[in-house]
Amino acid sequence: MIGLFDSGHGGLTVFRALVQRFPHLHFVYLGDHANAPYGNRSSEEIVNLTRDGIERLFAQGCPLVVLACNTATAIACRTLQQEWLPDAGYAGHNVLGVVAPMVEAATQMPWAVTSPQYPQKYNTDSIAVFGTERTISSGVYQEEILKRCPKVTVIEQECPDLAGAIEEARPEEELDAMIGSYVAMLLENTRGKAPERVILGCTHYPLVEHLFVRHLPPSTRILSQPQVVADSLEDYLARHLHYADHPPETSQTSLLTTGDPDAVARSLEIFWPEPQIFEPAG
Ligand code: DGL
(Lines give C-alpha, C1' and ligand atoms only; values in the text may rest on other atoms or scores of the structure.)
Protein backbone atom coordinates (compact mmCIF):
# COMPACT_ATOMS: atom_id res chain seq x y z
CA MET A 1 0.00 0.00 0.00
CA ILE A 2 1.12 3.52 -0.72
CA GLY A 3 0.25 6.37 1.64
CA LEU A 4 -0.57 9.93 0.64
CA PHE A 5 -0.49 12.80 3.07
CA ASP A 6 -1.78 16.36 2.91
CA SER A 7 -2.92 19.02 5.36
CA GLY A 8 -6.49 18.54 4.14
CA HIS A 9 -8.36 18.30 0.82
CA GLY A 10 -5.57 19.22 -1.57
CA GLY A 11 -3.71 15.94 -1.82
CA LEU A 12 -6.91 14.32 -3.11
CA THR A 13 -6.08 15.87 -6.50
CA VAL A 14 -2.91 13.75 -6.50
CA PHE A 15 -4.67 10.74 -4.93
CA ARG A 16 -7.28 10.69 -7.72
CA ALA A 17 -4.61 10.84 -10.42
CA LEU A 18 -2.69 7.97 -8.77
CA VAL A 19 -5.77 5.78 -8.31
CA GLN A 20 -6.56 6.28 -11.99
CA ARG A 21 -2.99 5.65 -13.14
CA PHE A 22 -2.40 2.58 -10.92
CA PRO A 23 -5.77 0.79 -10.65
CA HIS A 24 -3.99 -2.37 -9.42
CA LEU A 25 -2.40 -0.63 -6.42
CA HIS A 26 -3.93 0.30 -3.09
CA PHE A 27 -3.61 3.75 -1.60
CA VAL A 28 -4.37 5.19 1.84
CA TYR A 29 -5.00 8.92 1.96
CA LEU A 30 -4.59 10.89 5.16
CA GLY A 31 -5.82 14.48 5.37
CA ASP A 32 -4.79 16.35 8.51
CA HIS A 33 -8.01 18.40 8.40
CA ALA A 34 -7.85 19.02 12.16
CA ASN A 35 -4.74 21.14 11.62
CA ALA A 36 -5.29 22.56 8.10
CA PRO A 37 -4.19 24.84 6.59
CA TYR A 38 -0.44 24.44 6.99
CA GLY A 39 0.53 27.31 4.69
CA ASN A 40 1.09 29.98 7.35
CA ARG A 41 2.38 27.72 10.17
CA SER A 42 5.91 27.74 11.62
CA SER A 43 8.52 25.33 10.23
CA GLU A 44 8.59 23.45 13.52
CA GLU A 45 4.84 22.88 13.44
CA ILE A 46 4.91 21.76 9.81
CA VAL A 47 7.78 19.32 10.43
CA ASN A 48 6.06 17.85 13.52
CA LEU A 49 2.62 17.54 11.92
CA THR A 50 4.10 16.01 8.77
CA ARG A 51 6.13 13.48 10.77
CA ASP A 52 2.99 12.50 12.74
CA GLY A 53 1.08 12.02 9.48
CA ILE A 54 3.83 9.88 7.98
CA GLU A 55 3.98 7.70 11.12
CA ARG A 56 0.22 7.16 11.02
CA LEU A 57 0.50 6.01 7.41
CA PHE A 58 3.47 3.73 8.18
CA ALA A 59 1.32 2.25 10.98
CA GLN A 60 -1.47 1.61 8.42
CA GLY A 61 0.97 -0.61 6.51
CA CYS A 62 2.24 1.88 3.92
CA PRO A 63 6.03 1.58 3.60
CA LEU A 64 6.05 4.37 1.01
CA VAL A 65 4.44 7.76 1.71
CA VAL A 66 4.01 10.53 -0.84
CA LEU A 67 3.71 13.99 0.70
CA ALA A 68 0.92 15.25 -1.57
CA CYS A 69 1.47 18.72 -0.16
CA ASN A 70 3.89 21.34 -1.46
CA THR A 71 4.12 23.10 1.91
CA ALA A 72 5.04 19.90 3.78
CA THR A 73 7.46 18.99 0.98
CA ALA A 74 9.09 22.43 0.89
CA ILE A 75 9.47 22.76 4.66
CA ALA A 76 9.71 19.21 6.04
CA CYS A 77 10.58 16.63 3.39
CA ARG A 78 14.36 16.96 3.25
CA THR A 79 14.74 17.26 7.04
CA LEU A 80 12.57 14.20 7.65
CA GLN A 81 14.27 12.15 4.92
CA GLN A 82 17.77 13.00 6.07
CA GLU A 83 17.55 13.62 9.81
CA TRP A 84 14.60 11.59 11.09
CA LEU A 85 13.90 8.57 8.85
CA PRO A 86 17.37 6.93 8.95
CA ASP A 87 17.32 6.64 12.78
CA ALA A 88 13.58 6.27 13.42
CA GLY A 89 13.49 2.47 13.13
CA TYR A 90 11.60 2.32 9.82
CA ALA A 91 14.02 0.28 7.71
CA GLY A 92 12.69 -0.20 4.17
CA HIS A 93 10.33 2.79 4.43
CA ASN A 94 10.59 5.93 2.33
CA VAL A 95 9.00 9.36 1.89
CA LEU A 96 8.70 11.23 -1.41
CA GLY A 97 7.70 14.84 -2.05
CA VAL A 98 5.94 16.65 -4.88
CA VAL A 99 8.39 19.46 -5.58
CA ALA A 100 11.12 17.40 -7.29
CA PRO A 101 8.75 15.97 -9.96
CA MET A 102 7.47 19.49 -10.74
CA VAL A 103 11.00 20.88 -11.05
CA GLU A 104 11.92 17.99 -13.36
CA ALA A 105 8.84 18.64 -15.51
CA ALA A 106 9.40 22.40 -15.60
CA THR A 107 13.09 22.16 -16.48
CA GLN A 108 13.01 18.91 -18.46
CA MET A 109 16.06 17.86 -16.42
CA PRO A 110 16.34 14.89 -14.06
CA TRP A 111 16.52 15.84 -10.36
CA ALA A 112 19.97 14.22 -10.12
CA VAL A 113 21.36 16.71 -12.66
CA THR A 114 21.86 19.90 -10.68
CA SER A 115 23.89 22.02 -13.07
CA PRO A 116 22.82 23.57 -16.38
CA GLN A 117 23.15 21.32 -19.44
CA TYR A 118 22.57 22.03 -23.12
CA PRO A 119 19.87 22.85 -24.36
CA GLN A 120 18.15 23.81 -21.07
CA LYS A 121 21.14 26.03 -20.26
CA TYR A 122 19.78 28.45 -22.87
CA ASN A 123 16.10 28.14 -21.98
CA THR A 124 14.70 31.66 -21.51
CA ASP A 125 11.07 30.78 -20.68
CA SER A 126 9.25 32.40 -17.83
CA ILE A 127 7.58 30.17 -15.27
CA ALA A 128 5.09 31.44 -12.70
CA VAL A 129 4.62 29.60 -9.40
CA PHE A 130 1.57 30.05 -7.18
CA GLY A 131 1.77 28.60 -3.67
CA THR A 132 1.16 29.04 0.03
CA GLU A 133 3.07 31.65 2.00
CA ARG A 134 5.51 29.05 3.36
CA THR A 135 6.12 27.32 0.03
CA ILE A 136 6.88 30.62 -1.70
CA SER A 137 8.99 32.02 1.13
CA SER A 138 11.03 28.78 1.18
CA GLY A 139 12.19 29.75 -2.34
CA VAL A 140 12.47 26.06 -3.21
CA TYR A 141 10.91 26.26 -6.69
CA GLN A 142 12.98 29.26 -7.73
CA GLU A 143 16.22 27.84 -6.37
CA GLU A 144 15.81 24.37 -7.89
CA ILE A 145 14.64 25.63 -11.29
CA LEU A 146 17.39 28.26 -11.62
CA LYS A 147 20.08 25.71 -10.64
CA ARG A 148 19.19 23.78 -13.77
CA CYS A 149 17.96 26.57 -16.08
CA PRO A 150 19.71 29.81 -15.07
CA LYS A 151 18.19 31.90 -17.87
CA VAL A 152 14.60 31.03 -16.99
CA THR A 153 12.62 33.74 -15.21
CA VAL A 154 10.76 32.38 -12.18
CA ILE A 155 8.00 34.64 -10.89
CA GLU A 156 6.48 33.56 -7.60
CA GLN A 157 3.14 34.59 -6.17
CA GLU A 158 1.95 33.62 -2.72
CA CYS A 159 -1.76 33.06 -2.22
CA PRO A 160 -1.95 33.23 1.60
CA ASP A 161 -5.66 32.57 2.10
CA LEU A 162 -6.53 30.35 -0.83
CA ALA A 163 -5.95 26.83 0.58
CA GLY A 164 -7.92 27.77 3.73
CA ALA A 165 -10.78 29.17 1.63
CA ILE A 166 -10.86 25.95 -0.42
CA GLU A 167 -10.92 23.88 2.81
CA GLU A 168 -13.89 25.95 3.95
CA ALA A 169 -15.61 25.46 0.56
CA ARG A 170 -16.24 29.18 0.21
CA PRO A 171 -18.58 30.17 -2.64
CA GLU A 172 -17.12 30.06 -6.15
CA GLU A 173 -17.47 33.87 -6.62
CA GLU A 174 -15.29 34.41 -3.56
CA LEU A 175 -12.63 31.94 -4.72
CA ASP A 176 -12.79 33.50 -8.19
CA ALA A 177 -12.21 37.00 -6.79
CA MET A 178 -9.23 35.80 -4.70
CA ILE A 179 -7.62 34.03 -7.64
CA GLY A 180 -8.31 37.04 -9.89
CA SER A 181 -6.42 39.27 -7.48
CA TYR A 182 -3.45 36.86 -7.10
CA VAL A 183 -3.16 36.56 -10.90
CA ALA A 184 -3.39 40.36 -11.24
CA MET A 185 -0.52 40.75 -8.70
CA LEU A 186 1.55 38.25 -10.65
CA LEU A 187 0.93 40.03 -13.96
CA GLU A 188 1.83 43.34 -12.35
CA ASN A 189 5.22 41.78 -11.52
CA THR A 190 5.72 40.62 -15.10
CA ARG A 191 4.51 44.02 -16.41
CA GLY A 192 1.67 42.25 -18.16
CA LYS A 193 3.87 39.71 -19.99
CA ALA A 194 2.23 36.28 -20.05
CA PRO A 195 4.37 33.56 -18.43
CA GLU A 196 4.89 30.55 -20.72
CA ARG A 197 4.08 28.09 -17.96
CA VAL A 198 2.46 28.05 -14.55
CA ILE A 199 3.04 25.70 -11.63
CA LEU A 200 0.08 25.50 -9.27
CA GLY A 201 2.43 24.79 -6.38
CA CYS A 202 -0.23 23.79 -3.86
CA THR A 203 -2.19 20.57 -4.26
CA HIS A 204 -5.39 22.39 -3.30
CA TYR A 205 -5.24 24.64 -6.37
CA PRO A 206 -6.10 22.04 -9.05
CA LEU A 207 -9.54 21.93 -7.35
CA VAL A 208 -10.03 25.47 -8.71
CA GLU A 209 -7.83 25.18 -11.80
CA HIS A 210 -10.73 26.41 -14.00
CA LEU A 211 -10.64 29.72 -12.10
CA PHE A 212 -6.89 30.10 -12.68
CA VAL A 213 -7.50 29.36 -16.39
CA ARG A 214 -10.19 32.07 -16.45
CA HIS A 215 -7.75 34.73 -15.20
CA LEU A 216 -4.45 33.68 -16.76
CA PRO A 217 -3.52 34.82 -20.29
CA PRO A 218 -4.73 32.25 -22.86
CA SER A 219 -1.19 31.46 -24.05
CA THR A 220 -0.06 30.36 -20.55
CA ARG A 221 0.06 26.61 -20.02
CA ILE A 222 -0.59 25.07 -16.59
CA LEU A 223 1.67 22.14 -15.66
CA SER A 224 -0.61 19.59 -14.00
CA GLN A 225 0.93 18.52 -10.69
CA PRO A 226 -1.30 15.44 -10.21
CA GLN A 227 -0.30 14.07 -13.64
CA VAL A 228 3.36 15.00 -13.18
CA VAL A 229 3.45 13.23 -9.80
CA ALA A 230 1.76 10.15 -11.35
CA ASP A 231 4.43 10.08 -14.11
CA SER A 232 7.18 10.41 -11.56
CA LEU A 233 5.77 7.69 -9.28
CA GLU A 234 5.46 5.36 -12.26
CA ASP A 235 9.15 5.82 -12.93
CA TYR A 236 10.02 5.41 -9.21
CA LEU A 237 7.99 2.20 -8.83
CA ALA A 238 9.61 0.71 -11.93
CA ARG A 239 12.92 1.09 -10.07
CA HIS A 240 11.56 0.08 -6.61
CA LEU A 241 9.26 -2.81 -7.42
CA HIS A 242 8.76 -3.92 -3.80
CA TYR A 243 6.69 -0.78 -3.04
CA ALA A 244 4.20 -1.88 -5.69
CA ASP A 245 3.62 -5.23 -3.97
CA HIS A 246 0.61 -5.68 -1.73
CA PRO A 247 -1.33 -8.52 -0.12
CA PRO A 248 -4.57 -8.23 -2.17
CA GLU A 249 -6.93 -9.64 0.48
CA THR A 250 -5.87 -7.19 3.19
CA SER A 251 -5.23 -4.00 1.24
CA GLN A 252 -7.86 -1.42 0.53
CA THR A 253 -7.90 2.07 -0.86
CA SER A 254 -9.20 4.32 1.88
CA LEU A 255 -9.54 7.95 2.91
CA LEU A 256 -8.68 8.93 6.48
CA THR A 257 -8.96 12.27 8.23
CA THR A 258 -7.86 13.70 11.57
CA GLY A 259 -10.94 15.95 11.36
CA ASP A 260 -14.68 15.28 11.35
CA PRO A 261 -15.36 12.82 8.48
CA ASP A 262 -18.89 14.14 7.81
CA ALA A 263 -17.82 17.78 7.75
CA VAL A 264 -14.92 16.90 5.42
CA ALA A 265 -17.25 15.00 3.05
CA ARG A 266 -19.70 17.94 3.04
CA SER A 267 -17.07 20.53 2.25
CA LEU A 268 -15.81 18.39 -0.65
CA GLU A 269 -19.24 18.23 -2.30
CA ILE A 270 -18.71 21.38 -4.36
CA PHE A 271 -15.44 20.03 -5.78
CA TRP A 272 -16.39 16.38 -6.34
CA PRO A 273 -19.93 15.42 -7.28
CA GLU A 274 -19.47 11.80 -6.15
CA PRO A 275 -19.38 11.34 -2.33
CA GLN A 276 -15.96 11.09 -0.68
CA ILE A 277 -16.27 8.73 2.28
CA PHE A 278 -13.72 9.52 4.97
CA GLU A 279 -13.00 7.51 8.11
CA PRO A 280 -11.51 8.88 11.32
CA ALA A 281 -7.73 8.48 11.39
CA GLY A 282 -8.00 7.16 14.97
N1 DGL B 1 -2.12 21.38 -0.14
C2 DGL B 1 -1.01 21.97 0.50
C3 DGL B 1 0.09 22.40 -0.42
O4 DGL B 1 0.25 21.74 -1.44
C5 DGL B 1 -1.19 22.69 1.78
C6 DGL B 1 -1.95 23.94 1.80
C7 DGL B 1 -2.16 24.41 3.22
O8 DGL B 1 -2.49 23.59 4.07
O9 DGL B 1 -1.96 25.61 3.47
O10 DGL B 1 0.82 23.31 -0.16
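Whatever order the structure lists them in is the order used to number ligands and atoms, beginning at 1. Quantities reported herein were computed from a predicted structural model and do not represent experimental measurements.
- Using modelled atom types and a 3.5 Å distance limit, the side chains of Thr132 and Thr71 yield a donor-acceptor pair.
- The proximity of Ala36 to ligand 1, defined as any non-hydrogen pair under 4.0 Å, does not occur for either the backbone or the side chain.
- The ligand atoms of ligand 1 that sit less than 4.0 angstrom from a heavy atom of Ser7 are 5 (C), 6 (C), 7 (C), 8 (O).
- Remark: ligand 1 atoms within the under-4.0 Å shell around heavy atoms of Thr132 are 6 (C), 9 (O), 10 (O).
- Between the side chains of Tyr38 and Glu45, no donor-acceptor pair is found at a separation under 3.5 Å.
- For Phe212 and Tyr205, the gap between ring centers is short of 6.0 Å.
- Taking distance alone, with nitrogen or oxygen atoms compared against 3.5 Å, Tyr38 approaches ligand 1 more closely than that limit.
- Nearest to atom 9 (O) of ligand 1 among the protein's heavy atoms is Gly39 N, 2.7 Å.
- At the shortest separation from atom 10 (O) of ligand 1 among protein heavy atoms lies Thr71 OG1, 2.6 Å.
- Across Asn70, Leu200, Ile199, a single residue satisfies side-chain contact (heavy atoms from CB on, under 4.5 Å) together with Gln225, and that is Asn70.
- Contact atoms of ligand 1 toward Ala163: 6 (C), 7 (C), 9 (O) (distance under 4.0 Å to a heavy atom of the residue).
- Ranking the protein heavy atoms by distance from atom 1 (N) of ligand 1 puts His204 ND1, 2.6 Å first.
- With contacts defined as side-chain heavy-atom distances shorter than 4.5 Å, the pair Thr124/Val152 does not qualify.
- Side chains of Asn94 and Tyr236 form a contact here, defined as non-hydrogen atoms less than 4.5 Å apart.
- Looking from atom 3 (C) of ligand 1 to the surrounding protein, the closest heavy atom is Asn70 N, 3.2 Å.
- At a heavy-atom cutoff of 4.0 Å, ligand 1 is contacted by the side chain of Asp6 but not by its backbone.
- For the side-chain contact (heavy atoms from CB on, under 4.5 Å) criterion with Val14, the lone passing option out of Leu67, Val228, Leu233, Thr203 is Thr203.
- Each of Phe22, Trp272, Phe278, Tyr29 was compared with Phe15 under the ring pair (Phe, Tyr, Trp, His ring centres under 6.0 Å) criterion, and only Tyr29 meets it.
- Remark: ligand 1 and Cys202 share no N or O pair separated by less than 3.5 Å (distance only, no angle test).
- By the 4.0 Å heavy-atom criterion, Cys69 is counted among the residues contacting ligand 1.
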